[in-house]
Amino acid sequence: MKQRVLVTRQVFPEIVEALRARFDVEHNDDDRPWPTDELARRAADKQGVLASVMDRIDETVLAAAPGLKVVSNIAVGTNNVDIPACTKRGIRVTNTPGVLDDTTADLTWALLMAAARRIAEGDAQVRRGDWKLAFAMQSPLGTDVHHATLGIIGMGRIGQAIAKRATGFDMRVLYNNRGRIPESDELRLNATWVERDRLLAESDFVVVMVPYSPAVHHLIGAAEIARMKPTAILVNTARGGVVDDAALVDALKARRIAGAGLDVFEGEPKLNPGYLGLPNAVLTPHIGSATRATRMRMCETAVANLSAALEGRTPPDLVNKELA
Ligand code: DGY
């Protein structure tokens, strides 16, 4: 008898087909994220779940699914999954590292440049027939990206991909990370490790790229924002909760910093309503990895991980390594 798999979000037809060749598949075809109780009910008789970052895989879901062997997250981040609870039950958790680095770095740059050059405001002005920005000699003006200082907090694979793109803009790159990256990478990326406070004080653009954990909750709050230059721009394409949204809304409102580019928010899909009236915040709905090629690679990686776990092999991207 085939093992049963739950696919919680709409994925590409070829991905469902590949899964159906090996497993008995229930697929969320109308792509409405299931609330936890429905997710729990549908997972109850499954051995595998292919999940998205919008699915909270917690005690409620796990307790309802005693036969579950693997949660394969179609994401590199796994903060939507209660990993200790899975480990306790012997349930393997996997993610999709490596395949979305460049795509997420591209989006980070898109937000950085959009905030710097006031793209969203300009777009809205053209649609209104308002050409003030085009001809103003003094204000409102944007910020130069080239030759500026870029500060990256979190210099993993994606942080490094972001730094690599800065070389084309002749930027000075500062970074802060728990440990220094190898010297050869620092040289390749022209990046200098500095203390976080110095990075905040000297950067024209501060990019946050750390995976979420309770240890980095509100890593950037009112005190950190206060250290930034009044002309600086903050970009977060990592995870909601790493930046204190209430503090950032206050700072943007008071123009304590010049702007922000944000792809992630606390409590998604909810949004701090304070952002809505702020022209100096450019907002996107968690689309860091959202290109067809990358989403396809993420799905393929997630299927490979899920299949390995259900077929008795160690998944290549096992997160709770104690279950190898
Ligand atoms: C990830 O992979 O963690 C992204 O945030 C989801 O697109």
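Atoms within a ligand are numbered from 1 in the order they appear, just like the ligands themselves.
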Engineer: N/O to N/O below 3.5 Å, does that happen between H286 and ligand 1?
Structural biologist: yes

Engineer: Could you find the nearest protein heavy atom to atom 2 (O) of ligand 1 and give me its residue, atom name and distance?
Structural biologist: V76 N, 2.7 Å

Engineer: Of all heavy-atom pairs between V208 and A238, which one has the smallest distance, and what is that distance?
Structural biologist: O-CB, 3.6 Å

Engineer: When you measure from the heavy atoms of R295 to every atom of ligand 1, does any distance fall below 4.0 Å?
Structural biologist: yes

Engineer: For atom 3 (O) of ligand 1, what's the nearest protein heavy atom and its distance?
Structural biologist: R239 NH2, 2.7 Å

Engineer: If you compare all heavy atoms of A191 against all heavy atoms of Y175, which two are closest, and at what distance to 0.1 Å?
Structural biologist: CB-CD2, 3.8 Å

Engineer: Per the side chain to side chain contact (heavy atoms under 4.5 Å, CB included) rule, which among T143, L107, V145 passes with L112?
Structural biologist: V145

Engineer: For the 3.5 Å polar cut-off, considering only N or O atoms, please tell me whether M298 and ligand 1 meet it.
Structural biologist: no

Engineer: Which of the numbered atoms in ligand 1 are below 4.0 angstrom from a heavy atom of A75?
Structural biologist: 1 (C), 2 (O), 3 (O)

Engineer: So is there a nitrogen or oxygen of L100 less than 3.5 Å from a nitrogen or oxygen in ligand 1?
Structural biologist: no

Engineer: Does R118 use its side chain to pair, donor to acceptor, with the backbone of L141 at less than 3.5 Å?
Structural biologist: yes

Engineer: Which atom names give the shortest non-hydrogen contact between L111 and V235, and what distance separates them?
Structural biologist: CB-CG1, 4.3 Å

Engineer: Can you see whether T284 engages D263 through a side-chain donor-acceptor pair at a distance of less than 3.5 angstrom?
Structural biologist: yes

Engineer: Which residue supplies the protein heavy atom nearest to atom 7 (O) of ligand 1, what is that atom called, and how far is it?
Structural biologist: S289 OG, 2.7 Å

